[in-house]
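Structure first, commentary second.
Per chain, numbering begins at 1; letters A, B, ... match sequence-line order.
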2 protein chains.
Amino acid sequence: MSFNLRKKRAAAAARAAGVDALLVAHLPDVRWLCGFTGSSAVLVLPSSSLKASRPTARAVLFTDGRYIAQAQAEAVGTRVVIATKSPLAEACEWIASQRVRRCGFDAEQTTVAALDAMRKALPAKRRRSLFVALGPLVARLRQIKDADEIAKMRAAAALGCRLFERILAFMQPGMPESAVAAQLEHTARLAGADGMSFDTIVASGPRSALPHGRATSARLPRRGFVTLDFGVLLDGYCSDMTRTVHMGRATAQERVAYDAVLDAQQAGIAAVRAGAIVGNVDEAARSVLRRAGLDQWFTHSTGHGVGLEIHEDPRLAAKRMERLETGMIVTIEPGVYMPGSFGVRIEDTVLVTRTGCDILTSSPKAWIEL
Amino acid sequence: MSFNLRKKRAAAAARAAGVDALLVAHLPDVRWLCGFTGSSAVLVLPSSSLKASRPTARAVLFTDGRYIAQAQAEAVGTRVVIATKSPLAEACEWIASQRVRRCGFDAEQTTVAALDAMRKALPAKRRRSLFVALGPLVARLRQIKDADEIAKMRAAAALGCRLFERILAFMQPGMPESAVAAQLEHTARLAGADGMSFDTIVASGPRSALPHGRATSARLPRRGFVTLDFGVLLDGYCSDMTRTVHMGRATAQERVAYDAVLDAQQAGIAAVRAGAIVGNVDEAARSVLRRAGLDQWFTHSTGHGVGLEIHEDPRLAAKRMERLETGMIVTIEPGVYMPGSFGVRIEDTVLVTRTGCDILTSSPKAWIEL
């Protein structure tokens with residue numbers, strides 16, 4: 001989808017929400033709409049109630065002096081204004097100077113202080129009525145990935161899988177978790193990643209019971225689980241995958257837990273299709289662990305959307321009623337965590353299709369003993 | 001400073017702001033106050049108007065099921081509650097159940113939607129009056145680093161300097177910028193860093209004119225500048241430094257620009273001391289570039305605070321009137337950027353002292369030709 005088409009869709013959503021313009025300050029939304037990747041940006045998107053023939057009907061990107069060259073190179077087709085004050089304040093002044101009666105903003109991405117500053121940038125008589133709190137209109141559009149985005153997500157996921165294969169050959173008992181993370185991240189960089197999409201998790205031995213156990217100086221055990229949860233940033237898009245492998249011989253209890261998590265993960269994947277209710281996908285995975293008597297140790301939700309951001313909507317959590325749609329990309333990642341003892345998590349990133357899903361992270365999930 | 005002392009100071013600031021309790025949801029603030037490093041947390045800090053003898057006078061950390069073990073291990077001396085709904089909603093319900101009449105929150109870190117959710121978690125009759133928008137009370141305390149923090153910042157800065165020395169020997173014409181970044185980041189990881197404090201900037205040749213030119217596949221030139229701006233995360237704290245080196249022989253214009261930026265940077269550093277007005281530090285650096293006829297190409301501010309976050313207050317920007325204080329740690333980083341041609345930036349991180357400052361990033365700044 002071209003940036004112009006994305007802007008048109010967002011403008012249509014703004015129009016449907018009853019506003020003449022949308023103020024977009026969340027950086028991933030700005031990037032998605034116009035291609036600009038800098039760290040300081042506010043995009044103002046007129047909805048069609050401003051006549052298309054007037055120059056103001058074009059989107060305007062406000063950034064600062066650090067990004068003069070970059071904004072012009074990246075935000076092709078968008079008017080760029082280099083703010084001498086703050087981009088937010090100048091965007092608001094510009095909005096006030098136009099025939100905009102109501103301008104929407106994303107209440108989930110706008111702080112109370114920012115809204116105050118936005119209002120203070122307006123003439124006094126317009127402060128009460130101009131800005132209208134809306135939901136995350138652009139983030140909602142971003143849930144459905146277009147062909148270009150799917151290709152990028154596939155490439156990111158494929159790189160993640162190659163990294164996993166290569167790290168298996170590198171891991172040795174006694175090696176610090178941080179050395180495993182370092183090797184993984186270095187290989188990612190050399191393969192073209194811009195970085196990692198979140199702090200790499202290498203949680204070994206009893207630390208595998210920490211769902212978010214970032215790599216530390218703890219050493220890989222002779223016998224015990226190692227959970228690897230990592231993602232690359234490739235061309236702006238995030239990959240996300242988790243595999244849990246075992247160093248040395250496992251106990252029967254460890255095997256039982258692993259098999260239950262794998263069954264739960266596969267049940268979650270089997271429940272994914274366009275139209276499925278996200279709470280039901282969560283329940284499909286959770287009920288497998290319940291039957292195994294392990295659900296009390298599954299202390300988080302089953303998954304989340306991924307894209308330009310590592311955590312996007314929809315959230316695949318108990319009792320949530322949103323429906324999956326074709327083109328959404330979500331994770332399926334049940335786990336069990338026995339504090340002080342061990343933990344297992346298995347996670348794939350999948351593309352929702354009309355009849356099921358397409359698994360983007362194709363690394364094997366069968367039991368691996370190193 | 002112990003976490004208890006930090007909590008006491010924050011409680012005193014809350015009391016001075018006229019509230020009985022403070023709701024802290026910004027993760028670096030939570031970490032600074034109680035030691036918890038997880039990604040989901042709300043800390044409620046009663047100020048002393050709740051009697052110290054009651055159990056509710058203790059701070060309470062709300063997190064979720066992923067962090068049961070970690071919260072107990074890290075947030076020693078803080079009561080931990082594992083929320084089954086959202087930590088924010090349960091924190092608000094708990095506040096409403098206590099004798100709290102007014103609870104402060106940080107308007108700069110609370111979204112309009114979060115405030116709405118906070119109010120909805122309260123009984124209807126308390127929705128209008130309970131929550132009070134305050135400034136960043138905890139972030140303001142965090143500007144002054146204590147001895148423990150200074151030691152960590154010194155260690156992070158020293159690691160940055162070692163990485164710079166080592167990367168010089170690695171850089172070769174024709175090598176992609178991303179390979180330089182990869183090597184730097186890998187060395188950082190192996191030396192114990194948890195990661196980088198921001199996306200590594202390796203901006204070479206004409207790309208050095210991009211103040212925020214993250215490393216790309218562009219190749220280091222035979223002749224031209226390379227700007228390296230990077231930081232490590234070590235024990236939670238950020239380092240930040242920039243050096244610009246030249247590959248091959250420079251033109252006279254390049255040398256003039258480099259010398260002017262170095263003079264400006266040293267003038268900025270010379271202006272730093274407890275009591276100095278931040279706008280004057282900015283002006284000290286900027287006026288050197290003005291005299292050299294280069295100030296139109298210095299398109300950003302002179303520096304910013306650093307600590308648990310890479311960008312903290314104070315901002316060392318034109319006309320700002322805040323004063324530096326002993327124990328603040330700030331960057332001094334003027335630059336000039338000639339679009340399409342070249343750019344130079346030199347940055348140190350310095351500790352503000354009574355009579356001047358202590359430069360934490362001790363790498364040489366004299367002209368380097370590779």
Top contributor to chain B contacts, counting heavy-atom pairs under 4.5 Å, from A/Gly65, A/Ala113, A/Ala107: A/Ala107
Residue pair A/Ala182 / B/Leu190: nearest heavy atoms and the distance that separates them: CB-CD2, 3.8 Å
Partner chain B: residue of A/Glu185, A/Gln183, A/Gln109, A/His300 with the largest heavy-atom pair count (under 4.5 Å): A/Glu185
Side chain, backbone, both or neither of B/Phe105 within contact of chain A (heavy atoms, under 4.5 Å): side chain
Minimum heavy-atom distance between B/Arg189 and A/Ser178, given as atom pair plus value: CD-O, 4.2 Å
Heavy-atom check, side chain of A/Thr299 versus side chain of B/Tyr67, under 4.5 Å: no
A/Arg166, CZ: over 12 other non-hydrogen atoms inside 6.0 angstrom: no
Residue among A/Thr111, A/Thr216, A/Asp199 with most heavy-atom pairs under 4.5 Å to chain B: A/Thr111
Closest-packed option against chain A by number of heavy-atom pairs under 4.5 Å, given B/His212, B/Met196, B/Glu108: B/His212
Spatial distance of atom CG (A/Leu115) from atom CG (B/Leu115) [nearest 0.5 Å]: 10.0 Å
Partner chain A: residue of B/Ala114, B/Ala188, B/Gly192, B/Pro211 with the largest heavy-atom pair count (under 4.5 Å): B/Pro211
Chain A contact via B/Thr187 - which portion, at a heavy-atom distance below 4.5 Å: neither
Smallest separation among heavy atoms of A/Arg214 and B/Thr37, with atom names: NH2-OG1, 2.9 Å
